[in-house]
Number of protein chains: 2
Amino acid sequence: MIRATTASGMRRTPAGTASPMTASPPAPSSAPAGRRTLRERKKERTYEHTARVAVRLIMRHGLAAVRVEDICEHAEIGRSTFFRYFDSKEHCFVAGVNLGHLKAVLAALDARPADEGPLTALCNAFLAIQEDWRRQRDILLLDARLRAEVPAVQAHTSATHLEWETRLAEAIAPRFPGTPDENQLQARILASGVLCAVRLANESWIASGATESPIPSLTAAFTVLRSLMTDHADNG
Amino acid sequence: MIRATTASGMRRTPAGTASPMTASPPAPSSAPAGRRTLRERKKERTYEHTARVAVRLIMRHGLAAVRVEDICEHAEIGRSTFFRYFDSKEHCFVAGVNLGHLKAVLAALDARPADEGPLTALCNAFLAIQEDWRRQRDILLLDARLRAEVPAVQAHTSATHLEWETRLAEAIAPRFPGTPDENQLQARILASGVLCAVRLANESWIASGATESPIPSLTAAFTVLRSLMTDHADNG
DNA sequence: GTTCCACTTGGCACTTTGTGCCATCTGGGA
DNA sequence: TCCCAGATGGCACAAAGTGCCAAGTGGAAC
């Protein structure tokens, strides 16, 4: 009635790597700190190419009409390989939509002067990459629609945002006074607030048709965020 | 090669209700504001019962070993019915784990004095329900493990938290000065911060074996949150 | 350059999932 | 009491996932 578990549902991924779980390329199997091996670059290429193909197909035909097999054909990989990288069509799509976004924010954050406080630096980093987002308008529009219609898309997107939270927290932790690991909590909470503001700004940008630049919405949201943080959130 | 879409992937739910999308009972089909109809109560019973059965089975046998069909047999519903309520095993499990949690926080929040500020009230509401959580220790432990191992569980959990954010924001908005819809942004961001703190506290509670009360972790996280909000997050 | 090994890939078979469709049942209102 | 919208369950079928194995390929050692 209840079948015995074969290997207990552990996901198989290339190189026995820990499963990606979100929209990120598979972790390097044995990164020697410095140079990335050809194998790794190839894997990343496959990952990104497949995700991009998925987005393209889904843009053209709709999520429901595209089968995993279609994606595999167009990306020229085997079905087995697909499932080694993604655990579903939806996962693949979300990965494709967010390809490079995290990397871009991290880079923008790195480019901020070291004496900028964590909140300011993070906000400025997001502002700096808005042009990229505006350019992706069509994809983001589709993404918003699918998030509203397909639970799995929403779910994977939320998971992706959670990963962003942890990665951004790591990145801004050094900007707090004190040692980085003392600051982990503060950094996480701050990152969460900023991400929430970004999400809301994006929602309102999308809701308004996404014709103008997303920067005004974003600036407005950041202003609210900043006033929350500096004024006082409370009287209790 | 790419097949035509039948009805474009729209999910079918009982009564043409909007899809739940997260771990919440199906929305009332035609709530006459006051009394809930027997039909509605029956639907909620089915939803909750099924989710509970799923959690029980998965606790006993593991996620991988339990099939949707097993859940259906034990819950005494048809497979069709299952998929009208949940879109996967994982969704069902996450729903079961979080059953009533949101309702409990909202109730606790309602019980806070009206003159408490939004931050304080929300923190206190979470503190008030910790005993419930401690009692669910075993379920939460399993949940944490599955979240780490199974992407879909993590994904649905994140989506659930996102829903909490919006619901809690609505609930605390009136506690801000000004009109509720002016405060929607502030409320969302504040809720996001509190939820982040709660998540982190829970993580550390779980990581420590979840033997003690979860309250110390939570208090610590709230202290950090409050200092972030009152002191100053930044110098920029 | 050759050889070897670890890792990745693709193909195949098989189970489980997810959906459409329809007949049946049931609660709620007239 | 009758009627109907909505909920359910069964069945059939396409698609998704997973395990297994044989074949290719990069990396490192010699």
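In the text below, chain A, chain B and the rest are named by the order of the sequence lines, each starting its count at 1.
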> Return whichever of B:I77 or A:V68 has its heavy-atom-nearest nucleotide of DNA chain D closer to the 5' end.
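Result of the comparison: B:I77.
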> Rounded to whole Å, how long is the line connecting atom NE2 of A:H91 with atom C1' of C:dT17?
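Going from A:H91 (NE2) to C:dT17 (C1'), I get 19 Å.
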> Which label fits A:H101 and A:W133: parallel for a plane angle under 30°, tilted from 30 to 60°, or perpendicular past 60°?
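Correct class here is parallel.
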> Rounded off to whole Å, could you give me the CZ-to-C1' distance for the B:F86 and C:dT19 pair?
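Going from CZ in B:F86 over to C1' in C:dT19 covers 18 Å.
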> Mapping B:F82 and A:R39 onto DNA chain C by nearest heavy atom, which one lands closer to the 5' end?
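The answer here is A:R39.
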> Can you see if the side chain of A:K42 gets near the phosphate of D:dT25 - specifically, an N or O under 4.0 Å from OP1 or OP2?
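Answer no for this pair, as no side-chain N or O of A:K42 is under 4.0 Å from OP1 or OP2.
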> Out of B:D138, B:L140, B:L146, which residue meets the side-chain contact (heavy atoms from CB on, under 4.5 Å) rule with B:L142?
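The single option meeting the side-chain contact (heavy atoms from CB on, under 4.5 Å) with B:L142 is B:L146.
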> Has the side chain of B:R84 got a donor or acceptor that lies under 3.5 Å from a partner of the other kind on the base of D:dG9?
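Yes.
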> Give the rounded distance in Å between these two atoms: CG of B:L38 and P of C:dC25.
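Spelled out: CG on B:L38 to P on C:dC25 is 19 Å.
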> Rounding to a whole Å, what distance do you find between A:R67:CZ and C:dT19:P?
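Distance check: A:R67 CZ to C:dT19 P gives 16 Å.
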> Are A:E48 and A:K43 close enough for a salt bridge, meaning some N to O gap below 4.0 Å?
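Not counted as a salt bridge, because no side-chain N and carboxylate O are separated by less than 4.0 Å.
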> Please determine whether any donor N or O and acceptor N or O are separated by less than 3.5 Å between the side chain of A:S80 and the base of C:dG11.
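In this structure, the two groups form a donor-acceptor pair.
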> Expressed in angstrom and rounded to an integer, what is the separation of B:E69 atom CD from D:dG9 atom C1'?
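In whole Å, D:dG9 C1' lies 13 Å from B:E69 CD.
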> Tell me whether the side-chain N or O atoms of A:R41 pair up with the base of D:dG26 as donor and acceptor below 3.5 Å, since no angle test is needed here.
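Per atom types, no contact qualifies.
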> Provide, to the nearest angstrom, the distance between the CG atom belonging to A:D87 and the P atom belonging to C:dG18.
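Result: 12 Å.
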> Rounded to whole Å, how long is the line connecting atom NZ of A:K89 with atom C1' of C:dG18?
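Value for this atom pair: 10 Å.
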> Roughly, in whole Å, what's the span from CZ in A:R36 to P in D:dG26?
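A:R36 atom CZ is separated from D:dG26 atom P by 16 Å.
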> Go through C:dT16, C:dT9, D:dT8 for me and flag the one nearest to the B:Y85 side chain.
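Output: D:dT8.
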> Look at the side chain of A:R79 against the base of D:dG17 and say whether a donor-acceptor pair falls under 3.5 Å; ignore hydrogens and angles.
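Checked by distance alone, the answer is yes.
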> Pairing donors with acceptors under 3.5 angstrom, does anything connect the side chains of B:S158 and B:Q154?
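Looking only at side-chain atoms, B:Q154 and B:S158 do form a donor-acceptor pair, the distance falling under 3.5 Å.
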> Report yes if at least one side-chain N or O of A:T81 is closer than 4.0 Å to OP1 or OP2 of C:dG10; otherwise report no.
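True: A:T81 side-chain N/O within range (under 4.0 Å) of C:dG10 OP1/OP2.
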> Give the nucleotide from the list C:dT9, C:dT19, D:dA16 with an atom nearest to the side chain of A:F83.
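In terms of side-chain proximity for A:F83, the closest of C:dT9, C:dT19, D:dA16 is D:dA16.
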> Between A:F86 and A:Y47, does the ring centroid distance fall short of 6.0 Å?
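Yes, the ring centres sit under 6.0 Å apart.
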